[in-house]
Number of protein chains: 2
Amino acid sequence: MSSSVETASSEPAEILGVGEPAGADTTHGDWVERAERALAGAGRKRGGARRALLALLAGQECALTALEVEDALRGASARPVSRASVYRILDELEALGLVQRVETGQAMVRYERVCEHEEHHHHHLVCDQCGLVMPFSDAGLERAIDSLSERVPLAVSEHEIVLHGSCRDCAA
Amino acid sequence: MSSSVETASSEPAEILGVGEPAGADTTHGDWVERAERALAGAGRKRGGARRALLALLAGQECALTALEVEDALRGASARPVSRASVYRILDELEALGLVQRVETGQAMVRYERVCEHEEHHHHHLVCDQCGLVMPFSDAGLERAIDSLSERVPLAVSEHEIVLHGSCRDCAA
DNA sequence: TTAACTGCAAAGAATTTGCATCGTG
DNA sequence: CACGATGCAAATTCTTTGCAGTTAA
């Protein structure tokens, strides 16, 4: 899979792999571990539904909607999880800072794993024609945001950046 | 009211006036005119509901939700407008590029006037505790975005940036 | 007079909640 | 055994549509 090296401000922005589960349980096993630990620490027991969700999210390179999560878990080898549980678990993970919401202006909230450090920190490109969502990262942009964060009347904890436009296929 | 001068990257980011209708019909009368022209050009007739909405939006410095628009028009001296019309008109204005959606991660879409040129171009600060939304602008950030826009596989037409955190009151 | 504009009420869609049951610690 | 985890179905909330009456051009 593509490395997550951030770009200098003249090189093309780093476009991260999209969609395909990048080796499910291994790639970000550390994230699953951290999640399990955080959940245990919060006095939670381990249920099958949540385990299935963690495994799925760990293997995703980019944000999914609750419905996409539900479908992904229903198909293939995964354990089906009811819609209510998907939402409940996603909320729970968000509260623990393990997952974050991404608003792409597509009428449905998307969720994606949050990594410690900045290894996988990224933002999103959204094609308004076909709905394609691609993750990207850019060092120059992060610098601008960091600098800016110190000059606003808000203790900034997170930031979200979405670029809208037409993807190559749709623009053609 | 505060001027919309953009900041150099070391000065505090420009925080624009929030909330209060900044002199309703006069401040951005040019926007209303442009809107009326665009609508007429699209073969639309002039209805009272739409006129009320244009007047309200023209006086807003920042994004409102459909419900806030409905409430604002119900109270005071404005003309009440049904919820359906609020949504319908907002959609219509968005399609004509007169208004744009802003996703602040608060479960409801917000809408705000779009100005030609960049006079009032700005982004948003959202307090996750109390829900306060403040507009701000920053030249350094815009430069980073412009540069970045040329290096991604998307014909970028718009960008949205939201900083989340705690406002001064809530952080205290 | 025609076509747009509106309001009201019903319809949709995404997300949340209530409740009974099952499973983990 | 007690309390968290889940599924199912009903309930909410925001947004969209269908229709019929009103109004601008």
Side-chain angles (χ1 to χ4, degrees), chain A residues 35-57 63-74 78-96 98-111 131 133, chain B residues 35-57 63-74 78-96 98-111 131 133:
Chain A
E36 304 259 60
R37 235 178 299 130
L39 289 163
R44 278 19 197 306
K45 296 177 180 176
R46 274 179 271 173
R50 190 157 58 201
R51 187 143 33 198
L53 256 172
L54 290 180
L56 174 68
L57 293 175
L64 296 180
T65 65
L67 259 42
E68 289 172 342
V69 167
E70 189 190 3
D71 286 345
L73 294 177
R74 183 174 13 251
R79 172 187 183 293
V81 174
S82 75
R83 185 163 308 181
S85 292
V86 170
Y87 281 110
R88 241 171 340 217
I89 294 171
L90 248 15
D91 270 357
E92 179 178 58
L93 295 178
E94 190 198 0
L96 291 173
L98 295 163
V99 145
Q100 87 185 141
R101 299 167 82 106
V102 178
E103 308 263 334
T104 57
Q106 299 174 131
M108 285 198 297
V109 181
R110 284 172 179 279
Y111 298 84
V133 177
Chain B
E36 302 258 62
R37 232 177 304 130
L39 289 163
R44 277 23 197 302
K45 295 176 180 174
R46 274 181 273 172
R50 191 157 57 202
R51 188 145 29 202
L53 256 173
L54 289 180
L56 175 68
L57 294 176
L64 298 180
T65 64
L67 259 40
E68 288 172 342
V69 167
E70 189 189 2
D71 287 344
L73 294 178
R74 185 177 9 255
R79 172 190 184 291
V81 174
S82 75
R83 184 164 309 180
S85 292
V86 170
Y87 280 112
R88 238 169 345 214
I89 295 171
L90 250 16
D91 270 357
E92 181 178 55
L93 295 177
E94 190 199 359
L96 291 172
L98 295 164
V99 144
Q100 85 183 141
R101 297 171 154 244
V102 178
E103 308 263 336
T104 57
Q106 295 171 311
M108 283 198 298
V109 180
R110 284 173 178 278
Y111 297 84
V133 177

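This is a predicted model, so every value here is computed, not measured. Numbered from 1 within each chain, the chains take letters A, B, ... in sequence-line order.
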To the nearest 0.5 Å, what is the distance between [atom1] ([X]) and [atom2] ([Y])?
X      : Y      : atom1 : atom2 : value
A:E103 : B:R101 : CD    : CZ    : 11.0 Å
B:L98  : B:E36  : CG    : CD    : 10.0 Å
A:E92  : A:R44  : CD    : CZ    : 4.0 Å
B:L53  : B:R88  : CG    : CZ    : 11.5 Å

Nearest non-hydrogen partners of [X] and [Y], listed with the distance:
X     : Y     : answer
A:V99 : A:L90 : CG1-O, 4.4 Å
A:L73 : A:A52 : CD2-O, 3.8 Å
B:L54 : B:A35 : CD2-CB, 3.9 Å
A:A66 : A:V86 : O-CG1, 3.7 Å
B:A78 : B:A72 : CB-O, 4.0 Å

Carefully, step by step, assess A:L93 and A:L57 under the rule side chain to side chain contact (heavy atoms under 4.5 Å, CB included). CA-CA 11 Å; A:L93 295 178; A:L57 293 175; 4.0 Å; yes
Would you jot down, in residue-number order, the residues of residues 80-89 of chain A having a non-hydrogen atom under 4.0 Å from DNA chain D? A:P80, A:V81, A:S82, A:A84, A:S85, A:R88, A:I89
Sugar-phosphate, base or nothing in reach of A:R51, heavy atoms under 4.0 Å: nothing
Has A:R79 got more than 12 heavy atoms of other residues, nucleotides or ligands less than 6.0 Å from its CZ? yes
Using five pairs at each end of the helix from C:dT1-D:dA25 to C:dG25-D:dC1 to define an axis, what is the angle between those two axes, to 10°? 30°
Can you pull the contact range of chain B along DNA chain D, 5' to 3', using atoms under 4.0 angstrom from its heavy atoms?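 Nucleotide range with atoms under 4.0 Å of chain B: D:dC14 to D:dA25.
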How many Å lie between [atom1] on [X] and [atom2] on [N], as a whole number?
X      : N      : atom1 : atom2 : result
B:L53  : C:dC5  : CG    : C1'   : 13 Å
B:R74  : C:dT6  : CZ    : C1'   : 15 Å
A:L64  : C:dA14 : CG    : P     : 16 Å
A:Y111 : C:dA14 : OH    : P     : 13 Å
A:R101 : C:dA14 : CZ    : P     : 15 Å

State whether the side chain of B:R50 and the backbone N or O of B:K45 hold a donor-acceptor pair below 3.5 Å, judged by distance alone.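 At least one qualifying donor-acceptor pair exists.
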Could you check whether any side-chain N or O of A:R110 sits under 3.5 Å from a backbone N or O of A:A63, counting only pairs where one atom can act as donor and the other as acceptor?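 Flag set: sc A:R110 to bb A:A63 pair under 3.5 Å.
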Who are the salt bridge (Lys or Arg N to Asp or Glu O under 4.0 Å) partners of A:R74, not counting sequence neighbours?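 If we apply the salt bridge (Lys or Arg N to Asp or Glu O under 4.0 Å) test to A:R74, skipping adjacent residues, the hits are A:E70, A:D71.
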Can you list, in residue-number order, the parts of residues 38-46 of chain A that come under 4.0 Å of DNA chain C, counting heavy atoms only? A:K45, A:R46
Close N or O pairs between protein and nucleotides 11-13 of chain C (under 3.5 Å):
none

Just wondering, do B:Q106 and B:T65 contact through their side chains at under 4.5 Å, heavy atoms?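 No. Closest side-chain heavy atoms not under 4.5 Å.
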Looking at side-chain heavy atoms only, is the closest gap between A:Y87 and A:V69 below 4.5 Å? no
Taking the nucleotide of DNA chain D with the closest heavy atom to each, which residue, B:V109 or A:G47, is nearer the 5' end? A:G47
